[in-house]
2 protein chains.
Amino acid sequence: MPARTGRPPKISRADIVSAAHRLIEAEGTESLTMRRLAREVGATPMALYHHVHDKEELLLLLLDDYAAAMPRPELPDEPGERMAAAALAMHEALAGVPWIVDVLRADDLLSVNALWYPETIIDAAVRAGLPLERAVAAYRIIWHYTAGEITARAAALRRRGEGRPTYRRQVFATLDAEALPRLAEVGGRWEELTARDTYGEGLRALVAGLLLNGLATGRSFVKRSGSDDQMD
Amino acid sequence: MPARTGRPPKISRADIVSAAHRLIEAEGTESLTMRRLAREVGATPMALYHHVHDKEELLLLLLDDYAAAMPRPELPDEPGERMAAAALAMHEALAGVPWIVDVLRADDLLSVNALWYPETIIDAAVRAGLPLERAVAAYRIIWHYTAGEITARAAALRRRGEGRPTYRRQVFATLDAEALPRLAEVGGRWEELTARDTYGEGLRALVAGLLLNGLATGRSFVKRSGSDDQMD
DNA sequence: CTAAGTTTTTATACGCGTATAGAAAGTAGC
DNA sequence: GCTACTTTCTATACGCGTATAAAAACTTAG
């Protein structure tokens, strides 16, 4: 029964998504606006909203296509390495998407086709000996770190893009060396140091710490200080 | 010489910032728009732009006031605990600012009055035995994790605020249990598990891993996989 | 053929951040 | 007092995401 009731659609969700891909490819991220996209598919802006709930959903659909196309890396067997490798792949995938920041305000799962990453990381954590609940927590912690790093990376890129007097230079110029000796010591090297890619380093530290914590009976080398594990 | 040349200002940067504070206090974050704020100080919207570069700068100024007023916690002496305590304080401070997400797209330093946090964390890392460069890297890694966690937290709050069918429920409903066994195993408990506050846990793991890594001569328990420490 | 019902598309409008151009309101030099 | 010069503020406009209401284009029931 291909005959449906109601006015026949002029555009489809797939049309919209593929037009969005084309648009981004051809004219860059900034050209992807609902109005421009509507012109591209030959409809009015509001027509789009019958096919996607809002712009954020559209970006998620784009990301989903993107995630589906990403190659999945060979994974090492050792659980810790496996977690790290999957997280690095996730990071690499996200870092390649220029509009990612607009979608990273979402939660931890992103799109259906991206679920391979949490699945793999959680599975590796379980194989490392963590109970399922803690493995989920470990994944989320890794996710938070990853999303935060990507966001900062995008911000840094943006900063270089604009001409602005960097603000940080101003901060370090008017820095009170008595109150903030370490920062003063770093001084002008801040720019240089923060240009380095420390994702891998942080990730390895994080994984090491998570597995250490999860396997040991003692909670952590850091004594619990009373205010640091409330439930929100 | 209090006599300056040019048209005398009707409003000042301080006026704007304090009006913004009032506005947020009285009517919530969403009411803070440049146009509304202009009405509040009795000027046209564009007049504001002679005192702040853009809205993001305004938010940074607000955050700066906020950071100045935040109490600074007693810090333990043991370096690892000290790092964690400072980071927890930073996290707590940020988590209390509802519009923080709009400002977290910025970089690592935020505002002048917030510099106490990086200073303290870096100092503690140095006391723990890390060379200065690695201490800075450690701080940035902690920052990325913290910013990411705050962003996700805000997203979760937003999600609860809207009525939307959660999308995650939909994801887990149509989940391919063969391809994604761990996620299927978690199933409906995802919502519950991800509502938990894991910041403290992740932070302890991170600090432990960072200090482990920094002090040991070997790089990490994770073998370097070749693609994970490029410089960008 | 017509009337009702359903789905999709259009028209219009709102408030947003902010770019640009120029008017307003002072001081300083003559 | 007039003219320059400087600083600040106003007027207008653009494109953005999207809410709301109505029109358009079908199918189905009678």
Quiz item: What is the distance from NZ of B:Lys10 to P of C:dG26, rounded to the nearest Å?
Solution: 12 Å
Quiz item: How are the rings of A:Trp190 and A:Phe172 set to each other: parallel, tilted or perpendicular (split at 30° and 60°)?
Solution: tilted
Self-check item: N or O in side chain of B:Thr44 less than 4.0 angstrom from D:dT10 OP1/OP2
Solution: yes
Self-check item: Between P of C:dG17 and CG of B:Leu48, the distance in whole Å
Solution: 10 Å
Just the atom pairs and distances: protein N or O near nucleotides 20-22 of chain C's N or O, under 3.5 Å.
none

Quiz prompt | Side chain of B:His51 - closest among C:dT18, C:dG26, D:dC9 | solution = D:dC9
Quiz item: Could you state the CG-C1' distance from A:Asp15 to C:dT9, rounded to the nearest angstrom?
Solution: 14 Å
Quiz prompt | From CD1 (A:Ile141) to OG1 (A:Thr146), nearest 0.5 Å | solution = 11.5 Å
Quiz item: Are any of the side-chain nitrogens in A:Arg140 or B:Glu201 under 4.0 Å away from the carboxylate oxygens of its partner?
Solution: no
Self-check item: Residue met sooner reading DNA chain C from 5', once B:Pro45 and B:Gly6 are mapped to nucleotides
Solution: B:Pro45
Practice problem: Using a 4.0 Å heavy-atom cut-off across all strands, classify A:Ala47 as base, sugar-phosphate, or nothing. | Solution: base
Self-check item: Separation of atom CD in A:Glu57 from atom P in D:dG17, rounded to whole Å
Solution: 15 Å
Exercise. Please tell me which of the listed nucleotides, C:dT18, D:dT18, C:dT7, lies nearest to the side chain of A:Arg4?
Key: C:dT7
Self-check item: Pairwise distance CG(B:Leu203) to NE2(A:His144) - rounded to 0.5 angstrom
Solution: 13.5 Å
Exercise. Would you tell me if any nitrogen or oxygen in the side chain of B:Arg7 comes within less than 4.0 Å of OP1 or OP2 on C:dA23?
Key: no
Quiz prompt | Listed partners of B:Tyr49 passing ring pair (Phe, Tyr, Trp, His ring centres under 6.0 Å), at least two apart | solution = none
Quiz item: Tell me: CZ of A:Arg13 to P of C:dT7, nearest whole Å?
Solution: 16 Å
Practice problem: Enter the distance from B:Thr198:OG1 to A:Tyr139:OH here, rounded to the nearest 0.5 Å. | Solution: 12.0 Å
Return all side-chain donor-acceptor pairs below 3.5 angstrom for residues 14-26 of chain B, not counting sequence neighbours, or 'none' if the list is empty.
from	atom 1	to	atom 2	distance (Å)
B:Asp15	OD1	B:Ser12	OG	3.4
B:Asp15	OD2	B:Ser12	N	3.0
B:Asp15	OD2	B:Ser12	OG	3.3
B:Ser18	OG	B:Ala14	O	3.3
B:Ser18	OG	B:Asp15	O	3.2

Self-check item: Point-to-point distance, once rounded to the nearest 0.5 Å, from NE2 of A:His91 to OH of A:Tyr117
Solution: 12.0 Å
Quiz item: Tell me: CG of B:Asp102 to P of C:dG17, nearest whole Å?
Solution: 10 Å
Quiz item: Heavy atoms, side chains only, cut-off 4.5 Å: are B:Leu48 and B:Val41 in contact?
Solution: yes
Quiz prompt | Contacts of B:Glu119 that satisfy side chain to side chain donor-acceptor pair (under 3.5 Å) - sequence neighbours left out | solution = none
Self-check item: Sub-4.5 Å side-chain heavy-atom contact between A:Leu61 and A:Arg13
Solution: yes
Exercise. Please answer whether the main-chain N or O of A:Leu94 pairs with a side-chain N or O of A:Tyr66 as donor and acceptor at a distance below 3.5 Å.
Key: no
Quiz item: Given atom CD1 of B:Ile16 and atom P of D:dT8, what is their separation to the nearest angstrom?
Solution: 11 Å
Filtered N/O pairs between nucleotides 14-16 of chain C and protein, under 3.5 Å:
from	atom 1	to	atom 2	distance (Å)
C:dC16	OP1	B:Thr33	OG1	2.9

Quiz item: In degrees rounded to 10°, what angle is found between the helical axes fit to the five outermost pairs at each end of the helix from C:dC1-D:dG30 to C:dC30-D:dG1?
Solution: 30°
